[in-house]
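Working notes, beginning with the structure itself.
Whatever order the structure lists ligands and atoms in, that order sets their numbers, starting from 1. Nothing fancy with the numbering, it's 1 onward along the sequence.
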Amino acid sequence: MTKSSQTPARVRFAPSPTGYLHLGGLRTALFDWLYARHTGGQFILRIEDTDQKRYNPESLQDLMEGLRWLGLHWDEGPDIGGPHAPYIQSQRQPIYQQYANWLVEHGKAYRCYTTEEELEELRARGLPYDRRHRNLTPEQRAAFEAEGRPFVIRFAAPLTGTTTVHDAIRGEITVENATIVDPVLLKSDGLPTYHLAVVVDDHLMEITHVLRGEEWIPSAPLHVLLFEAFGWSAPVFVHLPVILDPSGKGKMSKRKTVVDGREFSPFVRDYIRGGYLPDAMFNFLATMGWSFDPEREIFTREEAIERFDVADISPKATALPFSKLEWMNGVYIRQMDVVALKDAVAPFVAADLGLDVETLRRDPRLLALTPLIQERIKLLTEATALVDWAFLPAEKITYPDPTQLIGKKLTAAQSIEALEAARELIATVEPFEAAALEAAFRSRAEAMDIKLGSFLTPVRVAVTGKTVSPPLFESIHILGREETLKRLANAIQALTAYAATAVERP
Ligand code: GLU
């Protein structure tokens with residue numbers, strides 16, 4: 001273990017609530033959380049909502065839901081408070097004003113009265129702000145104040161020299177100070193810009209490591225200069241690699257995109273609703289820029305916590321191998337305890353079938369069906385199609401295509417005979433259990449001189465309404481004798497009606 005691993009880290013996830021949480025944001029939060037847990041430190045959730053124009057009220061709920069879903073519980077945050085509350089920047093306005101004023105008083109920032117029209121004029125000529133109010137005389141300043149002109153507070157960035165950011169995974173990033181043209185710290189409405197708020201909060205909240213996307217690298221030198229201006233020491237910066245879209249061609253889009261004919265969503269909510277398991281997503285995202293072990297793709301949370309170190313994050317961009325996520329989800333589904341899997345599929349099945357989820361969770365049929373589908377699904381959303389027949393009343397099992405009730409190499413009349421034979425067996429076999437049922441069906445198929453498969457196709461379709469189902473005898477056992485008999489009767493009726501109108505083909 002490196003030294004950094006032993007000092008408890010204070011890390012924060014600091015999203016701006018401007019839209020739905022996307023996978024890139026969740027990966028940042030995951031690395032924050034892993035590092036906090038690895039070092040025995042704290043994971044802090046801070047909401048950076050100072051850009052009121054881009055504020056989206058649904059976003060906060062969505063992002064908390066996404067973090068909780070993945071199991072990334074925060075130690076301090078807007079809903080639970082903490083020693084540095086509040087954790088929502090819009091509620092910390094007086095703090096930023098106080099620090100901006102401190103910089104002005106110490107000659108490190110200044111009031112700038114330049115109007116929007118004047119700035120627009122510069123922009124139209126392709127020019128940056130020309131520092132025109134950096135060195136106003138007291139008289140000029142007094143005149144603007146007397147006019148009641150609105151002002152912003154700008155940072156008086158050094159005009160010469162260079163600033164170096166030390167990034168834990170990228171090394172030194174050095175820029176010329178002259179390229180930092182007195183950025184605005186406090187806007188005319190009194191709200192801070194991201195740069196002021198992030199530096200003040202990271203200091204006050206005693207953040208030791210800043211993990212964030214590499215798109216923030218250009219802002220980092222300014223942040224370093226601000227830490228210096230305040231006389232504070234800067235946290236360790238770790239700019240995480242960008243995630244590329246599954247084609248590997250470009251940065252992951254912030255919208256849904258189609259790659260190789262498949263729709264791909266960057267939003268975490270779509271994975272929650274799409275039947276992915278938090279454990280699989282956790283494992284998957286942990287490998288986006290970090291490697292547990294080149295030889296092992298599947299690892300537990302505990303194992304990841306034990307090994308995770310920011311120093312081992314790779315700065316190289318990684319493409320999102322979307323198909324791997326699906327595969328991983330299947331692996332996790334197969335590893336799950338049956339009761340846990342039953343509980344995980346219940347909300348999906350309940351929503352699809354309009355059932356009450358708690359009742360369904362307690363339904364012994366769902367528990368009995370779960371091991372039968374465990375090997376057959378990669379996504380929780382796939383469960384309904386395999387088990388719905390067990391929860392629908394017999395009248396809901398319909399046969400829109402009665403030819404599906406015809407067994408291979410059998411005529412409709414022979415298939416009706418097979419269904420009649422099944423009815424008799426179902427009514428009489430004792431004990432009513434899968435093994436006894438199977439033995440009885442086998443010997444009856446022999447006696448009728450038809451293949452077992454041809455015998456079972458009509459029965460499967462009759463009972464489940466589908467040509468593909470979980471193992472048939474277990475399914476019949478779960479459904480129960482009476483319900484199975486009703487379905488066989490309905491299927492016989494449907495096939496008889498069909499046979500009466502259709503021209504028989506052998
Ligand atoms: N509020 C910034 C964002 O949306 C946070 C950047 C940072 O972590 O410093 O992503």
Exercise. Return yes if some donor-acceptor pair links the side-chain N/O of D49 with the main-chain N/O of I88 below 3.5 Å, else return no.
Key: no
Practice problem: Keeping the roles fixed (side chain from N56, backbone from P17), state whether a donor-acceptor pair exists under 3.5 Å. | Solution: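 Here the side-chain-to-backbone pair does not exist.
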Identify the protein heavy atom lying closest to [atom], giving its residue, its atom name and the separation to 0.1 Å.
atom                   : result
atom 8 (O) of ligand 1 : R12 NH1, 2.7 Å
atom 1 (N) of ligand 1 : E48 OE1, 2.6 Å
atom 4 (O) of ligand 1 : S16 OG, 3.2 Å
atom 5 (C) of ligand 1 : A14 O, 3.2 Å
atom 3 (C) of ligand 1 : W216 CZ2, 3.6 Å
atom 6 (C) of ligand 1 : Y194 OH, 3.2 Å

Exercise. Check whether any heavy atom of F13 sits under 4.0 Å from an atom of ligand 1.
Key: no
Going by atom types alone, do [X] and [Y] pair a side-chain donor with an acceptor below 3.5 Å?
X    : Y    : result
H73  : R68  : no
D182 : Y110 : yes
T359 : D356 : yes

Quiz item: Under 4.0 Å between a Lys/Arg side-chain N and an Asp/Glu carboxylate O for R37 and E302?
Solution: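 So R37 does not pair with E302 through a salt bridge.
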Quiz prompt | V198 neighbourhood, listing ligand 1 atoms whose heavy-atom distance to it stays under 4.0 Å | solution =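 Selected atoms, number and element: 9 (O).
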